[in-house]
Amino acid sequence: MQQVHISKMTGKLDGFKAISTNTVTNDFCIKMNSQGDSICRVCYSHGMLKSYRKNMQPALQRNSDLLSSAPLQPEQLPTILDAFYRFAAHGEVINLTHAENLCRIAEHNPHCNFAWWTKRKDIINKLFKTRAKPVNLILVYSNPKVDHIQYVIPKHFDKVFNNVSFENHQDRQNCTGQQCKDCLACYKFGGTNIIVEAVKLNGRSVKKKG
């Protein structure tokens, strides 16, 4: 029986593991990647998976197919020993089945805090009309608009992650290059709920020339 693929993260996310899907075959991701006013225009995942991390695509595609096609069976739910975990380091939620399966994984591991970044308020709203939100799931709304800091947290969400140009809102930028394991603002309830990071390309802040 097919099992969920777990990724070991590097760089800013060193020390974390994640359950992700294939960005480059996700219709929502493809659409957003072509929109000029969206942070998705500089999506790190698209760049990685089409170039130096192209070899990750088969495993992530298996997750896309597995998580979006049918409810996971009990024996397919991974047992996770970590205290903090990430959903969707690559790829957006595909459909309601995918979202339900992530909730089942969280409920199967009540000792772990799961942080889940998504722009899909439509799917999240449908999901929690029919089921309770896992108490160990931190939903982070990924604001697609650059330089428009959103302070209102959408229904069902716990935090908002914003991107701004390096030169703008410098006094409000509170995600400033430290490794996630040394911060954990996104992985713990309460504390900092409005997160602001400078736009990055290939892991580096994008700065104006001159």
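Note that the structure is predicted; figures quoted are calculated from it, not measured.
- I94 and L96 end up in different hydrophobic clusters when Ile, Leu, Val, Met, Phe, Trp and Tyr side chains are linked at under 4.5 Å.
- Without hydrogens or angle criteria, Q73 side chain to E75 main chain gives no donor-acceptor distance under 3.5 Å.
- At a threshold of 4.5 Å between non-hydrogen side-chain atoms, the residues C186 and I138 do not count as touching.
- The shortest heavy-atom contact between C112 and N136 is O-ND2, 2.8 Å.
- Checking side-chain atoms of E100 against main-chain N and O of P71 turns up no donor-acceptor pair under 3.5 Å.
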Q: Determine, stepwise, if the pair D158 / F189 fulfils side chain to side chain contact (heavy atoms under 4.5 Å, CB included).
A: CA-CA 7 Å; D158 303 287; F189 289 100; 3.9 Å; yes

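- With a 4.5 Å cut-off on side-chain heavy atoms, R172 and Q170 do not count as touching.
- Rounding to the nearest 0.5 angstrom, the gap separating the OG1 atom in T79 from the CG atom in L77 is 8.0 Å.
- For the pair V24 and Q57, the tightest heavy-atom approach, listed with the atom from each and the gap, is CG2-OE1, 3.1 Å.
- Hydrophobic clustering keeps I105 apart from F84 (ILVMFWY residues linked when any side-chain heavy atoms are closer than 4.5 Å, directly or through intermediates).
- No side-chain N or O of T21 forms a donor-acceptor pair with one of N63 less than 3.5 Å apart.
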Q) How far apart are the C-alpha atoms of N113 and L184, what are their side-chain angles, what is the distance that settles it, and do they pass the side chain to side chain contact (heavy atoms under 4.5 Å, CB included) test? A) CA-CA 11 Å; N113 273 7; L184 295 178; over 6 Å; no

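- The closest side-chain heavy-atom distance from S69 to T97 is not below 4.5 Å.
- Of all non-hydrogen atoms in C180 and L13, the two that sit nearest each other are SG-CD2, 3.6 Å.
- Proximity of F16 to Y85: side-chain heavy atoms (C-beta onward) are nowhere separated by under 4.5 Å.
- Once rounded to the nearest 0.5 Å, the distance linking CD of E107 with CG of L102 reads 11.0 Å.
- Between N143 and I39, the closest heavy-atom pair is O-CG2, 4.0 Å.
- In the displayed structure, K12 atom NZ is contacted under 6.0 Å by more than 12 heavy atoms of other residues, nucleotides or ligands.
- Nearest heavy-atom pair across N125 and K155 is OD1-O, 4.2 Å.
- For the pair K121 and Y141, the cation sits on the ring face: its NZ or CZ lies under 6.0 Å from the ring centre, inside 45° of the axis.
- Rounding to the nearest 0.5 angstrom, the gap separating the NZ atom in K181 from the CG atom in D14 is 4.0 Å.
- Atom CD of Q173 is separated from atom CD of E167 by 9.0 Å, given to the nearest 0.5 angstrom.
- A donor-acceptor pair is defined here as one N or O able to donate and one able to accept, closer than 3.5 Å; such a pair exists between the side chain of N162 and the backbone of I195.
- For the pair E92 (side chain) and T118 (backbone), a donor-acceptor distance under 3.5 Å is absent.
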Q) Between Y187 and F114, does a ring-ring contact (aromatic ring centres under 6.0 Å, His included) hold up when you go through it step by step? A) CA-CA 7 Å; Y187 295 84; F114 291 84; over 10 Å; no

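- The hydrophobic clustering, which links ILVMFWY residues whose side-chain heavy atoms are closer than 4.5 Å, places I6 and V93 together.
- Distance alone, capped at 3.5 Å, places no donor-acceptor pair between the N26 side chain and the N22 backbone.
- Atom-to-atom distance recorded for H169:NE2 and N163:CG is 11.5 Å, nearest 0.5 angstrom.
- Geometrically, R120 engages F28 in a cation-pi contact defined by less than 6.0 Å to the ring centre and at most 45° from the axis.
- In this structure, N33 contributes its side chain and C40 its backbone to a donor-acceptor pair below 3.5 Å.
- L72 and L127 fall within a single hydrophobic cluster, where Ile, Leu, Val, Met, Phe, Trp and Tyr are joined by side-chain heavy atoms under 4.5 Å apart, directly or via other members.
- Side-chain contact between S7 and M9 is present, with at least one heavy-atom pair separated by less than 4.5 Å.
- With a 4.5 Å cut-off on side-chain heavy atoms, M48 and T23 do not count as touching.
- Although no hydrogens or angles enter the test, the distance criterion places no donor-acceptor pair under 3.5 Å between the side chain of S142 and the main chain of W117.
- Here the side chain of Q3 pairs a donor or acceptor atom with the backbone of M1 at under 3.5 angstrom.
- A donor-acceptor contact under 3.5 angstrom links the side chains of S45 and H90, judged on distance only.
- Panel note: side chain N174, backbone V196; a donor-acceptor pair is recorded below 3.5 Å.
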Q: Give the intermediate values and the outcome of side chain to side chain contact (heavy atoms under 4.5 Å, CB included) for residues I19 and L67.
A: CA-CA 10 Å; I19 293 173; L67 293 170; 4.0 Å; yes

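- Contact check for L137 versus W116: side-chain heavy atoms found under the 4.5 Å cut-off.
- Here the side chains of M32 and P144 are in contact, with some heavy-atom distance below 4.5 Å.
- The structure places CG of D182 at 7.5 Å from CD of Q178, a figure rounded to the nearest 0.5 Å.
- When N193, T192, I153 are each tested for a side-chain contact (heavy atoms from CB on, under 4.5 Å) with K159, only one passes: N193.
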Q. Does the pair K133 and C103 meet the rule for a side chain to side chain contact (heavy atoms under 4.5 Å, CB included), with working shown?
A. CA-CA 7 Å; K133 180 184 173 187; C103 286; over 6 Å; no

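- Considering all non-hydrogen atoms of both residues, S38 and V146 come closest at C-CG2, 4.4 Å.
- Between F128 and H156, the two ring planes are tilted [angle within 30° to 60°].
- Counting heavy atoms of neighbouring residues, nucleotides and ligands inside a 6.0 Å radius, atom NZ of K17 does not exceed 12 of them.
- Following chains of ILVMFWY side-chain contacts shorter than 4.5 Å, one can reach F157 starting from Y151, so the two form part of one hydrophobic cluster.
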